[in-house]
Amino acid sequence: HELLVKTWGARPTRFLISNPRSAALRYRMLTPFAGFSGEVPPLGTATVDASLPADSVSEVKVHFENTGPAGQSEPSVELAP
């Protein structure tokens with residue numbers, strides 16, 4: 001997944017990663033400043049706070065591992081409210 005995220009100010013941006021599958025899901029998030037790794041529980045969600053460059057558009061990439069066979073529901077990443 002690749003996202004373009006516009007920030008206003010220097011406040012961290014919160015992302016919500018959802019795992020609709022029955023097995024844990026590992027992910028790696030890459031931002032202009034850092035990389036984050038983690039795991040989302042089966043049928044669960046995880047939040048990740050990431051610092052992005054202030055007052056600009058940044059590319060954020062999220063790579064999922066062990067996503068399972070094709071045809072299953074796909075994991076998702078979105079901006080958290």
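Nothing here was measured: the structure is a model prediction, and the numbers come from that model. Note that the numbering runs from 1 along the sequence shown for the chain.
Criterion: ILVMFWY side-chain heavy atoms under 4.5 Å apart, direct or through other members. Under it, Met29 and Leu16 are not part of a common hydrophobic cluster. Cluster annotation: Val40 and Leu43 are assigned to distinct hydrophobic clusters (Ile/Leu/Val/Met/Phe/Trp/Tyr, side-chain heavy-atom contacts under 4.5 Å, transitive). Residues Leu3 and Phe64 fall within the same hydrophobic cluster, defined by Ile, Leu, Val, Met, Phe, Trp and Tyr side chains chained together at heavy-atom separations under 4.5 Å. A continuous path of Ile, Leu, Val, Met, Phe, Trp and Tyr side chains, each step under 4.5 Å between heavy atoms, connects Val77 with Leu79, placing both in one hydrophobic cluster.
Checked by atom type and distance alone, the side chain of Thr7 pairs as donor or acceptor with a backbone atom of Pro53 at under 3.5 Å.
No side-chain heavy atom of Thr45 sits less than 4.5 Å from a side-chain heavy atom of Asn19.
Of the inter-residue distances, the one linking Arg28 atom CZ with Glu65 atom CD reads 9.5 Å to the nearest 0.5 angstrom. How far OG of Ser37 is from NE2 of His63: 10.5 Å, rounded to the nearest 0.5 Å. Atoms CG and CD, from Leu25 and Glu39 in turn, are 8.0 Å apart once rounded to the nearest 0.5 Å.
Minimum heavy-atom separation, Tyr27 to Val48: OH-CG2, 3.2 Å. Summarising the geometry of Thr31 relative to Ala50, their closest heavy-atom pair is CG2-CB, 4.0 Å, with the distance given to 0.1 Å. Contact detail for Pro75 and Pro20: the closest heavy-atom pair is CA-CD, 3.7 Å. The minimum heavy-atom distance linking Ala24 with Pro42 is given by the pair N-CG, 3.6 Å. Between Val57 and Lys6, the shortest heavy-atom contact is CG2-CD, 3.9 Å.
A donor-acceptor pair shorter than 3.5 Å cannot be found between the side chains of Thr47 and Arg14.
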Exercise for the section: Show your reasoning for whether side-chain contact (heavy atoms from CB on, under 4.5 Å) applies to Val5 and Thr13. Expected result: CA-CA 9 Å; Val5 180; Thr13 303; 4.2 Å; yes
Handout entry: Asp49 vs Phe15, side-chain contact (heavy atoms from CB on, under 4.5 Å): CA-CA, chis, key distance, verdict
Key = CA-CA 6 Å; Asp49 291 328; Phe15 296 89; over 6 Å; no
